[in-house]
Engineer: 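Take this structure, written in structure tokens, and hold onto it; I'll ask about it next.
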2 protein chains.
Amino acid sequence: MQKYVVGVDLGGTKISTALSDLNGEVISQTTVPTKANEGEIPVLNRIIESVEKVIKDGSATYDEVKAIGIGSPGPLDAEKGVIIHTPNLPFNNFNLVEPLNKKFGVPVYLDNDANVAAIGEYMFGAGRGTKHVVFFTVSTGVGGGAVLDGKIYRGHTSNALEIGHMTVAPDGPRCNCGNIGCVEATSSGTAIAKRGQEAIASKVETSLRKYEKVTSYEVFTEAAAGDPVCKDIIDNALNYLGIAIANAVSIFDPEVIIIGGGVSKAGEIVFDTVRKVVDKRCFKSMAESVKIVPAGLGTDAGVIGAVALAILESQDK
Amino acid sequence: MQKYVVGVDLGGTKISTALSDLNGEVISQTTVPTKANEGEIPVLNRIIESVEKVIKDGSATYDEVKAIGIGSPGPLDAEKGVIIHTPNLPFNNFNLVEPLNKKFGVPVYLDNDANVAAIGEYMFGAGRGTKHVVFFTVSTGVGGGAVLDGKIYRGHTSNALEIGHMTVAPDGPRCNCGNIGCVEATSSGTAIAKRGQEAIASKVETSLRKYEKVTSYEVFTEAAAGDPVCKDIIDNALNYLGIAIANAVSIFDPEVIIIGGGVSKAGEIVFDTVRKVVDKRCFKSMAESVKIVPAGLGTDAGVIGAVALAILESQDK
């Protein structure tokens, strides 16, 4: 009986792999360094060894494994199972699905981090029990994924939900992507840190000067302590994040919006501000029906998401 | 054999009804005045009579009809088949599906105008042969619908794709919905007309003064004739429409964006400007892959859309 799946969270520094039952209960787990500098084949072999290890550690057999799910940084082609290119991994137009499929004789599904996180939250996190989930991750960048009618939505070229590059401030700061006023340029952790550093470089009075290095964490801390410059920076960033989320509500009419990533860890101030903007900018019926909540999965979100990908994609198969 | 469907386009002034084969070929058609002021039952009876008439005129029998599709202004509950309320029709929390289902013994599907138009374009218009279609209608207001993976997307409370109320100008004009800077407030025909009227009321020099009444049509005309004030108004409106559409591209990664409604009739200038904004603001791969095209269905779009709704919803049933 196929009662297990394997999830692989492939990252630039480590590979986390878990054997799980079909309810997302982890049976065995292993984490090894990626050693990306060693190149494609050694990293592929470490993935294969990790899968073998969790199956063995879980006293399972290959026959009992229904599917393998892999979450990886993109860009990638989920349909073909190919990692196109990613800065922190050695893979270049590399088909990661074929060798694993050959080795283990089960379906293998590959998807990008943001989609995998969205699926994980939908199945086992803050979106459990709902049908329409939009997931925002707000950290160094802003990304996301959407589960609509119980299925991950990928779009025509597999690039859907580039929500970090929604324009929210047409005359705002320039984004790394080249565009002006993306929500990633107004509201990511990087953007908040940059505004803090700009404040220090300017002549305004701010308590940020006491830090040797300013990240978004220090800006949040000093805003909470009452520094008016930091308060403005945070207000501004969260207001634009709120606009992006309000737009997602007007577009998707989702049951739940889940916010994860480093910036979401700042807690109440993030969720209060976003909620206010949504209440102000969306139709009442949609604003009232949508829940806006923090991500439910913790440090294992990546590997649990990969487990969820394997379960979701192999359903009814 | 069930080889036909019936489509009903229910409007405030007229009811258009067609019998069609399963390829969208119209066999027979009738249009009658709605006479909304006569109340719920007389209007319902006119719908029933119209359906009977097109079946009879097409020499078909009830047994040969697979399904009936109805497009109506909203808000409505598509799942329950209930028109909740609409300014130009007498129906108030009225179940329109039940009496038709009872009378004709076939499945009856109700959906709002914008969704029906999106389905019509997807099946028989500019979206034919694609999988992911986002439809914008830009006229008095701005609305839309999306067919994703071949299915209409409705969202949690049936209000998805309120794309007219996407915020694109956070410090822009106030919208009728109460929000600031919705694309409906910057780029609808009403918004363009309003900017023209404001120009006349101000002291600026503009060729608009020669008109007794200024609608978006006159502003487009004078912009094309070289009036700099009108050119600015049109540039500004289409730039914001472009931002809304660029956001839809980043979010949905669709195969095609279809623009219909009165404003789209201004033609090249609309599509050129929107295309430029999308190329500037979206990831290259998505901008290059998405087609941005005018609606393909003409004056019969409403009834053809209702036919398409009946065909799409009764598929595999």
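Any value given below was found using the heavy atoms of this structure, including those in side chains, with hydrogens, waters and symmetry copies removed. First the proteins, then the strands, lettered A, B, ... as listed; each starts at 1. Fair warning: this is a prediction, and the values are worked out from it, not measured in the lab.
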Engineer: May I ask you to list the residues in residues 233-256 of chain B that approach chain A closer than 4.5 angstrom, counting heavy atoms only, ordered by number?
Structural biologist: B:Y240, B:I243, B:N247, B:S250, B:I251, B:F252, B:D253, B:P254, B:E255
Engineer: Just so I understand: if I count every heavy-atom pair under 4.5 Å between each of B:T167, B:I163, B:V290 and chain A, which residue has the most?
Structural biologist: B:T167
Engineer: Could you tell me which residues satisfy ring pair (Phe, Tyr, Trp, His ring centres under 6.0 Å) with A:F124, sequence neighbours excluded, listed by chain and number?
Structural biologist: none
Engineer: Taking only heavy atoms into account, what residues of residues 170-192 of chain A are found under 4.5 Å from chain B?
Structural biologist: A:P170, A:C177, A:N179, A:I180
Engineer: Relative to chain A, which of B:M286, B:K284, B:R281, B:K280 shows the most heavy atom pairs under 4.5 Å?
Structural biologist: B:R281
Engineer: Checking an interface table here. Which of residues 128-157 of chain B come within a heavy-atom distance under 4.5 Å of chain A?
Structural biologist: B:H132, B:L148, B:D149, B:Y153, B:R154, B:G155, B:H156, B:T157
